[in-house]
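Worksheet: the structure to be examined is printed underneath.
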Amino acid sequence: MEAKVISGGARFTTLPRSYVRPESDRPRLSEVSTFEHVPIIDIGCDDRSLVVRQIGDACRFYGFFQVINHGVSTEAVEKVQEVAAEFFRMPVEEKMKLYSEDPTKTMRLSTSFNVRKEKVHNWRDYLRLHCHPLEKYMEEWPANPPMFKEFVSKYCREVRGLGYRLEELISESLGLEKDTIRNILGEQGQHMAVNFYPPCPEPEFTYGLPGHTDPNALTILLQGLHVAGLQVLKDGEWVTIDPHPNAFVINIGDQLQALSNGMYKSVWHRAIEYADKPRMSIASFLCPSDNALISSPVVLLDNGRGPIYRDFTYAEYYKKFRSGNLDQEHCLELFKNQA
Ligand code: OGA
Ligand code: NI
C-alpha cells in the first residue's frame with residue numbers, strides 16, 4: 001500500500017508500529033536541555049566588522065546561530081506562516097492530489113523522509129518546493145490556498161536576499177573577499193520544505209526528523225514563535241534551540257563545511273513533535289548550482305593538513321546523499337582525502 005500523509009485531520013491514538021524506533025535510537029526527551037548560549041546576531045547593526053566576527057565565531061564554535069534585524073519583513077514572515085498552516089489544514093483528499101514519493105520531483109507533498117527506502121518512518125509531512133528561478137517553478141506550486149503562490153513567492157525573494165547577505169558575511173569571516181563564496185556556489189538553487197509535525201501519540205518513540213546534517217550550502221529556518229522542536233547536537237548532547245521572536249535559525253550545510261576546509265561545521269540536528277499540539281517549520285535551503293566545483297580556496301588550506309576533502313561537484317555530492325539514508329552517516333565523510 002502506498003503511504004500517505006499523516007496530517008489527515010483525525011488524531012492518532014496509538015503510534016503505528018512502522019514509526020517505532022528501536023530502544024537504542026529514541027529521543028530520550030527528558031535528557032534534552034535548552035541551549036542557553038546559541039548566538040543571536042544582530043546583522044542589521046552598523047558595525048560590519050563586529051557582525052563578521054560574531055558570524056565567524058558562531059560558525060566555528062556552533063555551526064548554528066540565530067539572526068535578528070535580518071531585513072525579511074514581518075509581513076512576509078507572518079503571511080507565509082498563515083498560508084502554510086492553511087495548506088496543512090486542507091482536507092486530506094485535497095492534499096493527496098499533490099502527494100508523491102519520488103524525490104526527483106520539483107514540487108510534491110510527502111511524508112517522513114524517504115518512505116520508499118527507510119526502515120522506520122518519521123512523524124512528519126512536508127511540502128517541498130523549488131523556488132528559483134521563481135518564474136520557472138511557481139506555476140507548478142499548489143493552487144490552493146488561493147494566496148499560496150503570492151505569499152510564498154514574496155517570502156522566497158526576501159529570504160534569498162538574506163541568504164546572499166549571510167554568505168557574504170560568512171565569506172568575510174573566513175578572511176575571503178565577500179563575493180568568494182557566492183562565486184564558488186554559482187547560480188544557486190533555492191528549495192523550501194514546509195515541515196508539518198502533527199500531534200503524535202508517542203513522542204518518546206519516534207522523531208519528526210531524525211538526526212541529520214543538511215546537504216546544501218546554507219539553511220534559513222523559520223521555527224515559528226510558539227513551539228520549540230529543533231534540537232542540535234552540541235558537545236555530544238542534544239539541546240533545544242528555543243524560538244526567538246523575529247529571528248531565523250541559520251545553519252551551515254555540508255557544502256560550506258567542505259568549502260571552509262572543515263573550519264565551519266555542518267552540525268547534526270533533528271526535530272521532535274508533541275502529543276498535544278502540531279508544530280510547523282519552514283526551511284529554506286540555498287544550494288550550489290549542479291556544476292559548481294566545491295573546492296576550498298587556497299588560503300584556507302594553510303592549516304598544515306592541506307585539503308580535508310577532495311574537490312567534487314554538487315551534482316556528484318547530491319547523488320551520493322540521496323543514495324544513502326538520512327541518519328546513517330555524514331555523507332561528507334565519503335569525500336575525505338586520505339590522511
Ligand atoms: C530540515 C530541518 C528542522 C525543523 O528541514 O532540514 O532540519 O525544526 N528542520 O523542522
Ligand atoms: Ni535539517
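Order of listing sets the numbers, starting from 1, for every ligand and every atom in it. Any value given below was found using the heavy atoms of this structure, including those in side chains, with hydrogens, waters and symmetry copies removed. For the single chain, residues carry numbers from 1 onward in sequence order.
Geometrically, R108 does not engage Y99 in a cation-pi contact defined by less than 6.0 Å to the ring centre and at most 45° from the axis. In this structure, R128 forms no cation-pi arrangement with Y126, as its terminal cationic atom is not both closer than 6.0 Å to the ring centre and no more than 45° off the ring axis. Cation-pi geometry between R182 and Y164 is met: the NZ or CZ atom falls under 6.0 Å from the ring centre, inside 45° of the normal. Remark: K277 is positioned above the aromatic ring of Y274, its terminal NZ or CZ atom under 6.0 angstrom from the ring centre and at most 45 degrees off the axis.
Near F285, with a cut-off below 4.0 Å to any heavy atom, the atoms of ligand 1 are 5 (O), 6 (O). Those atoms of ligand 1 with a heavy atom of R279 less than 4.0 angstrom away are 4 (C), 8 (O), 10 (O). Taking a cut-off of under 4.0 Å to the non-hydrogen atoms of L221, the atoms of ligand 1 that pass are 8 (O).
Counting heavy atoms closer than 4.0 Å to ligand 1, residue Q223 contributes nothing at all. Contacts with ligand 1 closer than 4.0 Å are made by side-chain heavy atoms of H269 only, the backbone lying farther away.
The aromatic rings of Y317 and Y314 lie parallel to each other, with less than 30° between the two planes, well short of the 60° mark.
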Hey, mind stepping through Y137 and H132 against ring-ring contact (aromatic ring centres under 6.0 Å, His included) and telling me if it holds? CA-CA 7 Å; Y137 291 113; H132 187 83; 8.6 Å; no
How far apart are the C-alpha atoms of W123 and Y19, what are their side-chain angles, what is the distance that settles it, and do they pass the ring-ring contact (aromatic ring centres under 6.0 Å, His included) test? CA-CA 7 Å; W123 201 257; Y19 289 83; 5.0 Å; yes
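Under a 4.0 Å heavy-atom criterion, Y197 is in contact with ligand 1.
Scanning the protein heavy atoms around atom 3 (C) of ligand 1, the nearest turns out to be L230 CD1, 3.9 Å. Nearest protein heavy-atom neighbour of atom 1 (C) of ligand 1: L209 CD1, 3.6 Å. Of the protein's non-hydrogen atoms, the one nearest atom 5 (O) of ligand 1 is N195 ND2, 3.1 Å.
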